[in-house]
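Here the structure is laid out as structure tokens; the discussion comes afterwards.
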Number of protein chains: 2
Amino acid sequence: MSASPDTSAPSRTRKIACEACPLRESGRFRDFTEQEVSFVSGFKRGELTAEAGSTIFVEGSHSPHLYTVISGWGFRYKTLEDGRRQILNYVLPGDLVGLQGTLLGEMEHSLECLSDMVLCMFERDRLGDLYKSNPALGFDITWLAAREEQILDEHLLSVGQRSALERAAYLLAYLHDRASRVGLFKDAPEISPLTQQHVADTLGLSLVHTNKTLRKLQDRQAIRWKEAGFRISDIARLKDIARWDGLPDGMRPFI
Amino acid sequence: MSASPDTSAPSRTRKIACEACPLRESGRFRDFTEQEVSFVSGFKRGELTAEAGSTIFVEGSHSPHLYTVISGWGFRYKTLEDGRRQILNYVLPGDLVGLQGTLLGEMEHSLECLSDMVLCMFERDRLGDLYKSNPALGFDITWLAAREEQILDEHLLSVGQRSALERAAYLLAYLHDRASRVGLFKDAPEISPLTQQHVADTLGLSLVHTNKTLRKLQDRQAIRWKEAGFRISDIARLKDIARWDGLPDGMRPFI
DNA sequence: CGGGACCTTGACGGAATTCAAACCGGGTGG
DNA sequence: CCACCCGGTTTGAATTCCGTCAAGGTCCCG
């Protein structure tokens, strides 16, 4: 069973120029040429600000947009007709979302905000131009798609083969790694804004059993669950329990 | 638990020109310009013929190659140190494999032949050139990556949320759909060359329970299991059991 | 004070794993 | 030709894991 999404409409505005994009400050991206940055600037259609709990797009829609996450947490998910929900992956600053819908026509999954989010919006129609005039940026998009594929491979391994305890440990370690890489824990305390229902729907476990599993991780001093969120106490222990293998880093090429 | 892969070395030869590629005969691809076809021809390094059971590449290797499947069945998988194996997806004629390794450096999964296979081999180093000189082909590669992502999303939904029976029905229906789309059942009887161990490792179920589940599908007249392989008796019933949603078709753009 | 969202716990039943054994067909070597 | 083995399938029984049901708890907010 799943939480029912609160579908309040997100608001739109337009502001920051790509030249001053806060994401590029982090030093986690490759160097772009001036020409590239200005092209992306022209490609950009505006910004979208959405609050926690709102839905950016839903399964079955034909959204003509492509987004880059500027700030906040979100998650992609799919549902079965009877309401069972599977969370596919989490999105963080720097992630590109909506590519599937853009290329393949219909959106086959939904995107919901876990926290307040700001996204940068691009026009689908001009994607072809991007490939023509800036092949390196096209290459970067492919890179991002390949990386998402790799993450999904790992999740599939997790849900298919790991035990409940391993799975939970893996997910929490994964989120911790990704969030700290994009600098989300720079100043704030290291808390991830998930509920246990989110964890359950990601791992394919019931809420009750998820709760018992998380408790076990807490008993082993690997995490601490705070109301609606958790923090990692011992990442090494967590990765050990998870039979952690990887998730290699590597420079991210694209905004 | 998993079957132990038989790692006989695949053999290499080079033959067919792209202009006469059997895949393009099928009419399932978009029309390529002469220029595109000749570029791909130059991009091509040779062909790789491998027999059933052999491994094309393994997790952790740095294969500099990219492949297109010309004929045969294969599957991508990942393993945990203790040997648990998760099959991630199946590859069929027209599929592109090895992109992750090419773009991201290290290969994070392995590829094994389910039947004898022929693959077309491309050089990784020239991928940048491809994006520069033929943006449309670069776009096509991104398209393929997005499509793989979509399939993985669906598998994740399946393994995470569907019951054993639904999951098995879904997998078999999925394989049937894909195989018939690429014309694998044109002349041959509609038999897919999987063992029950493959099914088990794909669904995240034990071999014993997989067997009992498949028996149930057979009792319901949805499939017939033949030694090392199955055929679908009633695809509609199977999709009904699976709570089948989709897998939209759409033209495939790239060789 | 009451309600809602989220976390927590116990009891019970059902689903899936594990262990164990047997069967079947094909291939191989004595 | 037969005995044997091997990979794959089948079945039963015992056990463990996980889901469902039910109830209670906490904190925050109106």
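All chains are named by letter (A, B, ...) in the order of the sequence lines, taking the proteins before the strands, and each is independently numbered beginning at 1.
Atom CD of B/Gln161 is separated from atom P of D/dC18 by 15 Å (rounded to the nearest Å). Regarding A/Arg162, its CZ atom lies at a distance of 18 Å from the C1' atom of D/dC17, rounded to whole Å. Straight-line distance from the NZ atom of B/Lys212 to the P atom of D/dA14: 13 Å, rounded to whole Å. Atom pair A/Leu165:CG and D/dC17:P shows a separation of 11 Å (rounding to whole Å applied). Spacing between atom CG of B/Asp219 and atom P of D/dT9 amounts to 17 Å, rounded to whole angstrom units. As rounded to whole Å, 17 Å separates atom P of D/dC17 from atom CG of A/Leu203. In this structure, A/Phe230 places its CZ atom 16 Å from C1' of C/dC6, rounding to the nearest Å. Atom NZ of A/Lys226 and atom C1' of C/dT8 are 17 Å apart (whole Å).
Using the six-membered ring where Trp is involved, B/Tyr170 and B/His155 have ring planes that are perpendicular, over 60° apart on the 30 and 60° scheme.
Remark: B/Gln196 is not in phosphate contact with D/dG7, judged by side-chain N or O atoms under 4.0 Å from OP1 or OP2. An OP1 or OP2 oxygen of C/dC7 is reached within less than 4.0 angstrom by no side-chain nitrogen or oxygen of A/Arg215.
Among the nucleotides D/dT9, C/dT18, C/dT8, the one closest to the side chain of B/Thr195 is D/dT9. With D/dT11, C/dT8, D/dG19 as the candidates, the nucleotide lying closest to the side chain of A/Asn211 is C/dT8. Comparing D/dC18, C/dT17, C/dG10 by their nearest atom to the side chain of B/Leu205 picks out C/dT17. The side chain of B/Val208 sits closest to D/dT11 out of C/dG10, D/dT11, D/dC18.
The pair A/Glu154-A/Arg162 meets the salt-bridge criterion, with a side-chain N (NZ, NE, NH1 or NH2) lying under 4.0 Å from an Asp/Glu carboxylate O. Using a 4.0 Å cut-off between a side-chain N of Lys or Arg and a carboxylate O of Asp or Glu, B/Asp219 and B/Lys212 do not qualify as a salt bridge. Using a 4.0 Å cut-off between a side-chain N of Lys or Arg and a carboxylate O of Asp or Glu, B/Glu108 and B/Arg76 do not qualify as a salt bridge.
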Check the pair B/Tyr77, B/Thr202 against side chain to side chain donor-acceptor pair (under 3.5 Å), reporting the backbone distance first and the verdict last. CA-CA 9 Å; B/Tyr77 66 96; B/Thr202 310; over 6 Å; no
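For B/Ser163 and A/Gln218, each mapped to the nucleotide of DNA chain C holding its nearest heavy atom, the one lying further toward the 5' end belongs to A/Gln218.
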